[in-house]
There are 2 protein chains.
Amino acid sequence: MTVSITDVARAAGVSASTVSRALRGRPGVSDPVRAQIEAVAAELGYTASQSASSLASGRTRTIGVIVPYVGRWFFGTVVDASERVFSAAGYDVLLYNLGSPETRKRFFTRLPVRKRVDALLSLLIPDEEEAAALRSLDIPLAVIVGGARDGFSVVGIDDHAGATSAVRHLVNLGHRRIGMLSGASEPLHWTTPIERRQAYLDVLADAGLPYDPALEADGGYSVEGGERAMTELLAGRSRPTAVFAQSDEMAMGALRALRRHRLKVPDDVSVIGFDDHELAEVIGLTTIAQPVAGQGEEAARLLLRQLDEPGAAPPRQVQMPIHLVLRETTAPPDPRHRSP
Amino acid sequence: MTVSITDVARAAGVSASTVSRALRGRPGVSDPVRAQIEAVAAELGYTASQSASSLASGRTRTIGVIVPYVGRWFFGTVVDASERVFSAAGYDVLLYNLGSPETRKRFFTRLPVRKRVDALLSLLIPDEEEAAALRSLDIPLAVIVGGARDGFSVVGIDDHAGATSAVRHLVNLGHRRIGMLSGASEPLHWTTPIERRQAYLDVLADAGLPYDPALEADGGYSVEGGERAMTELLAGRSRPTAVFAQSDEMAMGALRALRRHRLKVPDDVSVIGFDDHELAEVIGLTTIAQPVAGQGEEAARLLLRQLDEPGAAPPRQVQMPIHLVLRETTAPPDPRHRSP
DNA sequence: AATATGAACGCAAACGCTTGCGCAGGGGAG
DNA sequence: CTCCCCTGCGCAAGCGTTTGCGTTCATATT
């Protein structure tokens, strides 16, 4: 039926062990024999059975990637980038699309990845319970969004610094009523919304501006949520002259809401986002750029290093650079609107 | 070290075979024994080794998904949707991100999925050589974008019909100089750009409008490409009053180019896209909507059915509905621009 | 009461690979 | 010339499941 290692061995006139060593580049087989085995294997179209191989060796040459929604731009881009690094290193990628709390729960209690992957990359930090489950697997772990966890390599950005420069940009332009479209930390336990929000509060305090709860609304990090949240702010008694959206998606929703209200951007309201979404440039959105694909690649490299030097390489933390990208959605407040 | 089936067997006072049957719901084990085994297994935190299991059974409970770029909205959304269907059915998903021709070549000659997956879902049709390689795996196959192939289930849309209604919409509005942003079929061998282009030609002919090569430009289905292509059209001697972009991404690029040229949409130029990208609504783009997640789910279901009824269920073809979504980027041509 | 029947379970042989170990044989050092 | 070591290769024992078949025992059948 399907060609096995013994078929190759027989055809090449050697033992199965020699075929195994030859094909995997192990020492202990002479060059001519190796060449001949490779030729025979190619001719027969032989591919080692992954199951048998990993059963015998204990290694799976597979990496698990856990992500809440591959469909979302940020996560999709990260998965894309990390997959390329993994596959270039000869690893396959098992994708676990874990959005809802129920799916996550089931995954982390049953742990179907046990004995199935050599390492795990989690986009979005798992909560402490989930993290403990993963640690029990005793394999290299890395996390990309949402903060540090014991036993995990982590790559990310300085959310506080990013949000600080975003809000400060608005302050520097002269805005004094600055709104924020935020997101909840629950149920996914990430620190991003917390830190970005804290930065907003800190900058306001620094600038001597009062914090007005009516200027903050939850947009759930999505386009529709951003639109709803912006609409809320516009309905309030004291409209903001500028808005900091914690994500570009929310910023886009906000732009839509503003257009619906026939408000000009940036003349009537300035908008700044966060992430530098691939379409931010198309829309002309001012935002804080972070290397998205870069984080995926970096995390993948960290994991590969840990796999290469077992025990030796400890989990590491990497912080990627961010920067303000000025486009067309921010400007000084219109003097006509300015409060006295 | 790691708990195996014999550990469970010993702890439960039964044989390994009984444990195996009990945990997989096979007949031949009494209810009380089954319950006890389940309890012991849960307590010990036992998970069957996927490698051992598939080595012994020949089934991997894994499905391969081949995609050119998970990072792109369309593909990411499809992968997302199909993964949910697969994992709900107890299958894991191996992701192969095959963008460049070299990566594809390597993949299809070495076929690392051999003996590794029970079925394959390919986004973007493989060329005939690639298709032949996959057929040699002798497992259920499905393809989502780009046309039919022997031995594959295929789900898709009627590209010709969709493009027809798009272009006809422009014609009905009164446009007579209609441009097109297209894409090459190579090197990915998909039929989409061909059919959408043919529809454009057909509608023009139907409406008695001449085909002007200067009104067509290649945008490579990307935002930047669309911007370049639109810029080309604007540089031509006879500018179009409306443009059909074969994808929303290109349409977005076109919008950007038009804004750069200080042209109003839809007053000066109408733009219609194709796909109904998640941000099309934000931008107000008129477009042809197709069920993207729906196609992923449907293809997944087709594969699962083939897996459930081995031999019985033949590959099937499914065509998903499409419809014109009117938004704000199309309007009748400005009379001042109209040719006599 | 003897036999047939079937359910519940154990035995053991795969599944296809990896790897420690042993064994030749050849070449260099003494 | 002998001894030793090193290289190149084969042997065989796993790795942890699944599954066909055989055994046991209780129940139904005559």
Side-chain angles (χ1 to χ4, degrees), chain A residues 1-38 40-41 44-62 90 92 111-118 310, chain B residues 1-38 40-41 44-62 90 92 111-118 310:
Chain A
M1 178 112 274
T2 150
V3 30
S4 83
I5 199 174
T6 56
D7 297 328
V8 178
R10 187 172 10 221
V14 296
S15 76
S17 12
T18 302
V19 174
S20 172
R21 283 187 268 258
L23 260 26
R24 288 177 311 135
R26 285 288 139 95
V29 31
S30 66
D31 286 347
V33 172
R34 186 184 303 268
Q36 208 243 337
I37 291 179
E38 277 166 354
V40 171
L44 265 52
Y46 168 72
T47 310
S49 153
Q50 161 62 23
S51 326
S53 158
S54 65
L55 177 57
S57 71
R59 275 164 261 116
T60 65
R61 297 253 88 185
T62 301
D92 282 345
L111 273 190
V113 283
R114 206 195 316 250
K115 310 172 196 166
R116 238 195 120 143
V117 299
D118 292 345
Chain B
M1 177 113 277
T2 150
V3 29
S4 82
I5 199 173
T6 57
D7 298 328
V8 178
R10 185 169 14 216
V14 296
S15 77
S17 10
T18 303
V19 174
S20 173
R21 283 186 268 257
L23 260 27
R24 288 177 311 132
R26 286 288 138 98
V29 31
S30 65
D31 286 347
V33 172
R34 187 185 302 269
Q36 209 242 339
I37 291 179
E38 276 166 355
V40 171
L44 266 51
Y46 168 73
T47 310
S49 155
Q50 161 61 25
S51 325
S53 158
S54 66
L55 177 57
S57 72
R59 274 163 261 116
T60 66
R61 296 252 92 186
T62 302
D92 283 344
L111 272 189
V113 283
R114 206 195 317 250
K115 311 173 196 167
R116 240 196 108 101
V117 299
D118 292 346

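Letters A, B, ... are given to chains in the order of the sequence lines, protein chains preceding strands, and every chain is numbered from 1.
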Where the side chain of Arg21(A) is concerned, which of dT18(C), dT17(D), dG20(C) is the nearest nucleotide? dG20(C)

Could you tell me whether Arg34(A) contacts a base, only the sugar-phosphate backbone, or nothing, with contacts defined as non-hydrogen atoms closer than 4.0 Å? nothing

Ser53(B) side-chain proximity, nearest of dC17(C), dG8(D), dT18(D): dT18(D)

Gap between atoms CZ and P, on Arg61(A) and dC17(C) respectively (whole Å): 17 Å

Residue-phosphate contact under 4.0 Å: Ser15(B) side-chain N/O, dG10(C) OP1/OP2: yes

Verify whether one side chain among Ser51(B) and Ser54(A) offers a donor that lies under 3.5 Å from an acceptor in the other. yes

Think Thr18(B) has a side-chain N or O under 4.0 angstrom from the OP1 or OP2 of dG10(C)? yes

Keeping Lys115(A) on the side-chain end and Gln50(B) on the backbone end, is there a donor-acceptor pair under 3.5 Å? no

Answer with yes or no whether the side chains of Thr18(B) and Ser15(B) bring together a donor and an acceptor at under 3.5 Å. yes

Measure from CZ on Arg114(B) to C1' on dC17(C) and round the result to the nearest Å. 16 Å

Roughly, in whole Å, what's the span from CG in Leu23(B) to P in dG16(D)? 16 Å

By the 4.0 Å heavy-atom rule, please label Arg26(B) as base, sugar-phosphate, or nothing. sugar-phosphate

Could you give the CD-to-P distance, from Gln50(B) to dT17(D), as a whole number of Å? 11 Å

To the nearest Å, how far apart are Ile5(B) CD1 and dG10(C) P? 12 Å

It should be established whether Arg59(A) places a side-chain nitrogen or oxygen under 4.0 Å from OP1 or OP2 of nucleotide dC17(C). no

Assess, by modelled atom type and distance only, whether the side chains of Thr60(B) and Asp118(B) contain a donor and an acceptor separated by less than 3.5 Å. yes

Closest listed nucleotide, where the reference is the side chain of Leu55(B) and the choices are dG16(C), dT17(D), dC9(D): dG16(C)

Is there a side-chain contact between Lys115(B) and the phosphate of dC15(C), meaning an N or O under 4.0 Å from OP1 or OP2? no

Length of the line joining Ile37(A):CD1 and dC9(D):C1', which is rounded to integer Å: 10 Å

Between Ala16(A) and Ser57(B), which has a closest nucleotide on DNA chain C that is more 5'? Ser57(B)

Would you check if there is a donor-acceptor pair between the side chains of Ser30(B) and Arg34(B) at a distance under 3.5 Å? no

What contact category does Ser17(A) fall into here, base, sugar-phosphate, or nothing, at under 4.0 angstrom with non-hydrogen atoms? base

Indicate whether OP1 or OP2 belonging to dT18(D) is found under 4.0 Å from a side-chain N or O atom of Ser20(B). yes

Under 4.0 Å: is that the gap between some side-chain N or O of Arg24(B) and OP1 or OP2 of dT19(D)? yes

